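What follows is a single structure, written as structure tokens, with notes after it.
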There are 2 protein chains.
Amino acid sequence: MSDASGDAVDAIIGQWEAERPDLADDLWPVQVIGRLQRLGWILEKEIKAFAAERGLELGEFDILTTLQRSGPPYELTAGAFRKAAMVTSGAITNRIDRMEAKGLVERVRDTGDRRAVKIRLTERGHEVTRTFMKEHLANEARILADFGREDSEELAAKLRKLLETLGDTSIK
Amino acid sequence: MSDASGDAVDAIIGQWEAERPDLADDLWPVQVIGRLQRLGWILEKEIKAFAAERGLELGEFDILTTLQRSGPPYELTAGAFRKAAMVTSGAITNRIDRMEAKGLVERVRDTGDRRAVKIRLTERGHEVTRTFMKEHLANEARILADFGREDSEELAAKLRKLLETLGDTSIK
DNA sequence: ATTGATTATTTCAACGTTGAGATAAAACCA
DNA sequence: TGGTTTTATCTCAACGTTGAAATAATCAAT
């Protein structure tokens with residue numbers, strides 16, 4: 001059933017129902033996954049633009065915040081980033097290269113394990129992250145302002161449940 | 001409040017509360033946006049792998065399904081794809097180039113407006129999309145199987161509301 | 001009809017990620 | 001100690017996207 005009103009996903013499902021009636025009973029996952037995909041795109045674009053205004057790549061922002069929220073001594077290995085950021089090793093190397101050039105982080109060879117490289121937040125990196133993070137949260141609050149706090153809490157609870165179902169229980 | 005159990009986002013929020021108590025009251029949007037981001041990554045990876053097993057790029061899959069669900073005569077302009085797929089013009093040109101080489105679509109110069117190029121699904125493209133789509137929906141159903149149909153419906157309703165709030169009401 | 005503005009697509013260099021292979025160090029085990 | 005396996009990072013070519021500039025056709029207005 002495609003309503004006259006609705007979001008883009010309702011329209012897409014309506015198109016499928018008309019074109020492939022044989023699949024009508026199998027379309028229900030699209031309601032969820034299609035919407036999650038669209039929201040992912042929209043939000044990524046939003047946050048990417050926000051970061052770009054401040055001279056940061058999205059991945060670089062990711063490194064900075066991961067590092068700061070990890071707490072003292074504000075250093076993590078490249079491997080830790082790979083897992084936290086869900087990207088490959090080459091991407092981490094490149095990001096750190098760029099950020100080291102900007103003076104936001106520094107590489108510190110681990111004294112114990114000389115294979116490992118600790119990435120440490122510089123004083124400048126700290127400052128940038130501090131102000132950036134506050135603005136970032138304000139921006140996210142703005143994005144959700146019309147949706148509202150109460151709906152946000154309810155939605156968050158359901159999203160948590162889905163993530164747990166999918167096994168996303170760790171940031172290690 | 002960071003629970004002992006929970007998903008990755010609960011852990012992240014817990015870290016921020018410890019490291020930046022001054023931001024504690026501003027973290028609520030992360031509950032939603034952080035989770036939407038993670039779900040976007042997870043699902044994209046899942047679907048990308050699924051497409052790759054069948055020799056298709058994610059963007060190519062996007063073109064195929066957009067084309068098929070548009071109904072007869074199964075042709076759209078490059079511009080229509082740009083809007084539907086939320087990507088830039090160069091990306092569309094490249095995708096169509098690759099897919100034309102694979103014999104999945106063909107370019108047809110519009111007889112009326114000779115600036116426009118219609119992208120049309122070939123017979124082979126139709127076949128591929130038909131089988132692919134059925135498997136794709138089965139795959140999505142598998143992903144959501146543990147989450148359940150009822151929770152899916154409830155979650156979908158909230159996601160729709162958020163998308164509408166963000167102005168994502170059209171696929172034109 | 002001619003000029004100017006707009007619209008549609010393609011081109012292309014820059015960019016970030018991927019992923020396999022290389023390098024190097026540590027851990028394991030005889 | 002010596003040899004093998006494992007772990008951590010870096011290297012680098014291939015890949016897809018971005019976004020601005022180029023090309024080409026239509027539309028608008030006089």
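Residue numbers begin at 1 in each chain, while the letters A, B, ... track the order of the sequences. Just so we're clear, the structure is a prediction, and the values are computed from it rather than from any experiment.
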task: On DNA chain C, check which nucleotide each of A/Met86 and A/Gly112 is closest to and give me the residue with the more 5' one.
output: A/Met86
- request: For residues 54-95 of chain A, pull every pair meeting ring pair (Phe, Tyr, Trp, His ring centres under 6.0 Å), keeping only residues two or more places apart or in separate chains.
  value: A/Phe61-A/Phe132, A/Phe61-A/His136, A/Tyr74-A/His126
field: Nearest-Å distance for atom pair NZ/P, residues B/Lys48 and C/dT18
entry: 7 Å
message: Under the rule for side-chain hydrogen bond (donor to acceptor under 3.5 Å, both in side chains), what residues qualify as partners of B/Lys102, not counting sequence neighbours?
response: B/Glu60
message: Using the side chain to side chain contact (heavy atoms under 4.5 Å, CB included) criterion, which residues pair with A/Lys45? Sequence neighbours excluded.
response: B/Met86
- line: A/Ala85 meets the side chain to side chain contact (heavy atoms under 4.5 Å, CB included) criterion, sequence neighbours left out, with A/Asp62, A/Val87, A/Arg95
- line: The complete set of salt bridge (charged side-chain N to carboxylate O under 4.0 Å, His left out) pairs with one or both residues in residues 124-133 of chain B, sequence neighbours excluded, reads B/Glu123-B/Arg130
- prompt: Among all residues two or more places apart in sequence or in another chain, which pass the side-chain hydrogen bond (donor to acceptor under 3.5 Å, both in side chains) test with B/Lys158?
  reply: A/Glu154
message: Across nucleotides 1-13 of chain C, 5' to 3', mark each nucleotide with B, S or - according to how protein heavy atoms within less than 4.0 Å reach it.
response: ------BSSBB--
field: chain A contact limits on DNA chain D, taken 5' to 3' with a cut-off of 4.0 angstrom to heavy atoms
entry: D/dT7 to D/dT11
Please tabulate, for side-chain N and O atoms in residues 141-151 of chain A, each donor-acceptor pair with protein atoms closer than 3.5 Å (sequence neighbours left out).
{"from": "A/Arg142", "atom 1": "NE", "to": "A/Asn139", "atom 2": "OD1", "distance (Å)": "3.1"}
{"from": "A/Arg142", "atom 1": "NH2", "to": "A/Glu46", "atom 2": "OE2", "distance (Å)": "3.3"}
{"from": "A/Arg142", "atom 1": "NH2", "to": "A/Asn139", "atom 2": "OD1", "distance (Å)": "2.8"}
{"from": "A/Arg149", "atom 1": "NE", "to": "A/Glu153", "atom 2": "OE2", "distance (Å)": "3.2"}
{"from": "A/Asp151", "atom 1": "OD2", "to": "B/Lys161", "atom 2": "NZ", "distance (Å)": "2.7"}

- request: Report the residues that fulfil salt bridge (charged side-chain N to carboxylate O under 4.0 Å, His left out) with B/Asp97, sequence neighbours left out, ordered by chain and then residue number.
  value: B/Arg107
- line: Which of A/Ile119, A/Val105, A/Leu121, A/Leu67 passes side chain to side chain contact (heavy atoms under 4.5 Å, CB included) with A/Leu76? Answer is A/Leu67
- request: Output all residues satisfying side-chain hydrogen bond (donor to acceptor under 3.5 Å, both in side chains) with A/Arg115, sequence neighbours left out; order by chain, then residue number.
  value: A/Asp113
- request: Residues of residues 50-58 of chain A with any non-hydrogen atom less than 4.0 angstrom from an atom of DNA chain C: list those, numerically ordered, please.
  value: A/Glu57
